[in-house]
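See structure below.
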There are 2 protein chains.
Amino acid sequence: MEALTTGILRAGDVEVRPDEFRAFAGDQALNLTAREFELLTALVGRAGRIVSREELYRTVWGERYRKSDRSVDVYVAKLRHKLEDALPGRRFIHTHFGFGYRFQP
Amino acid sequence: MEALTTGILRAGDVEVRPDEFRAFAGDQALNLTAREFELLTALVGRAGRIVSREELYRTVWGERYRKSDRSVDVYVAKLRHKLEDALPGRRFIHTHFGFGYRFQP
DNA sequence: AGCATGGTTTTACAGGTTCTTCACACCCCG
DNA sequence: CGGGGTGTGAAGAACCTGTAAAACCATGCT
């Protein structure tokens with residue numbers, strides 16, 4: 001989005017600083033693993049758009065996507081948990097059946 | 001249509017954004033399944049022309065068309081219903097007996 | 001090396017949604 | 001009328017998603 005000057009991605013209360021490998025939800029830092037962080041970066045960088053599993057997989061894993069690979073789903077679940085812990089009751093990652101996921105604060 | 005720059009298809013009040021997996025009728029988003037979305041994309045991309053079931057089937061389903069397969073008809077009905085919900089009283093998908101369908105706002 | 005710890009990938013299954021096909025009614029046109 | 005074309009509801013098949021848990025890996029420490 002407006003990452004040109006600062007490199008920081010923001011969508012609502014969620015902020016990602018790719019150059020620092022840190023992410024925040026509201027005022028608290030999220031404790032993410034490398035994969036979780038990369039996936040969140042990919043999602044926030046595409047906030048508001050429906051993104052296919054294939055695009056997410058290629059971006060984060062850097063390999064060809066196999067339809068049977070559930071890694072994206074598994075990590076979406078992990079991110080949802082940690083976002084829920086940080087900001088209870090709010091939904092950020094929306095499922096679009098048959099298409100993919102959408103990050104929307 | 002004029003998809004060269006934006007990738008967006010438009011016909012009257014109906015707009016399809018293939019790269020975002022989203023479609024709009026008037027100002028509201030259409031809640032479509034994968035097949036419905038692909039069929040609408042095929043129809044809007046051929047707006048104003050009569051399109052045979054065979055061409056629609058090959059485009060959307062990617063397989064050889066069997067005369068007994070009613071999938072196109074079933075999904076045209078679904079699309080008509082959702083377009084009617086979004087923009088009541090208007091007709092978009094016209095039947096040409098013995099030939100196929102035509103999308104015309 | 002052997003072991004512990006934490007992360008990643010794969011598997012399995014339940015639950016839900018969508019898709020295909022069938023059946024029957026209706027319609028169009030000769 | 002008659003016969004094939006079309007509209008559409010319904011039901012089971014097929015597919016998709018959420019998630020826990022197992023299996024697999026990588027790293028660091030004793």
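We name chains A, B, ... by the order of the sequence lines, and we start the count at 1 in each one. The structure presented is a predicted model; accordingly, all values stated were derived computationally and were not measured.
- Taking side-chain N and O atoms only, Arg53(B) has a distance below 4.0 Å to OP1 or OP2 of dT6(D).
- Electrostatic pairing of Asp85(A) and Lys82(A) does not count as a salt bridge here, judged by no charged N lying under 4.0 Å from a carboxylate O.
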Which atoms of nucleotides 15-25 of chain C (N or O only) lie under 3.5 Å from a protein N or O atom, and what are those distances?
residue	atom	partner	partner atom	Å
dC19(C)	OP1	Arg35(B)	N	3.1
dC19(C)	OP2	Thr33(B)	OG1	2.7
dC19(C)	OP2	Tyr75(B)	OH	3.1
dC19(C)	O5'	Tyr75(B)	OH	3.1
dT20(C)	OP1	Arg35(B)	NE	3.4
dT20(C)	OP1	Arg35(B)	NH2	3.0
dT20(C)	OP1	Trp61(B)	NE1	3.0
dT20(C)	OP2	Arg35(B)	NE	3.4
dT20(C)	OP2	Trp61(B)	NE1	2.9
dT21(C)	OP2	Asp69(B)	OD2	3.3

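- Listed pair Thr95(A) / dG18(D) meets the phosphate criterion, a side-chain N or O lying under 4.0 Å from OP1 or OP2.
- Between Tyr57(B) and Glu63(B) there is a side-chain heavy-atom pair separated by less than 4.5 Å.
- Among all heavy-atom pairs drawn from Gly26(B) and Leu87(B), the shortest one is N-CD1, 3.9 Å.
- His81(B) places its NE2 atom 12 Å from the P atom of dA10(D), with the value rounded to the nearest Å.
- Distance Phe37(A) CZ to dT8(C) C1': 18 Å, rounded to the nearest Å.
- Regarding Arg80(A), its CZ atom lies at a distance of 11 Å from the P atom of dT17(D), rounded to whole Å.
- Rounded to whole Å, the distance from NE2 on His96(B) to P on dG7(D) is 12 Å.
- Ring geometry for Phe21(B) versus Phe99(A): interplanar angle of 30 to 60°, hence tilted.
- In this structure, Leu79(B) atom CG and dG7(D) atom P are separated by 13 Å, rounded to whole Å.
- Remark: Arg35(B) engages Glu38(B) in a salt bridge, criterion side-chain N to carboxylate O under 4.0 Å.
- Rounded to an integer number of Å, the gap from Tyr65(B) OH to dG5(D) P is 9 Å.
- Spacing between atom CG of Asp73(A) and atom P of dA20(D) amounts to 14 Å, rounded to whole angstrom units.
- Salt bridge status for Arg10(B) with Glu15(B): present, with a side-chain N to carboxylate O gap under 4.0 Å.
- Put simply, NE2 on His94(A) is 12 Å from P on dG18(D), counting in whole angstrom units.
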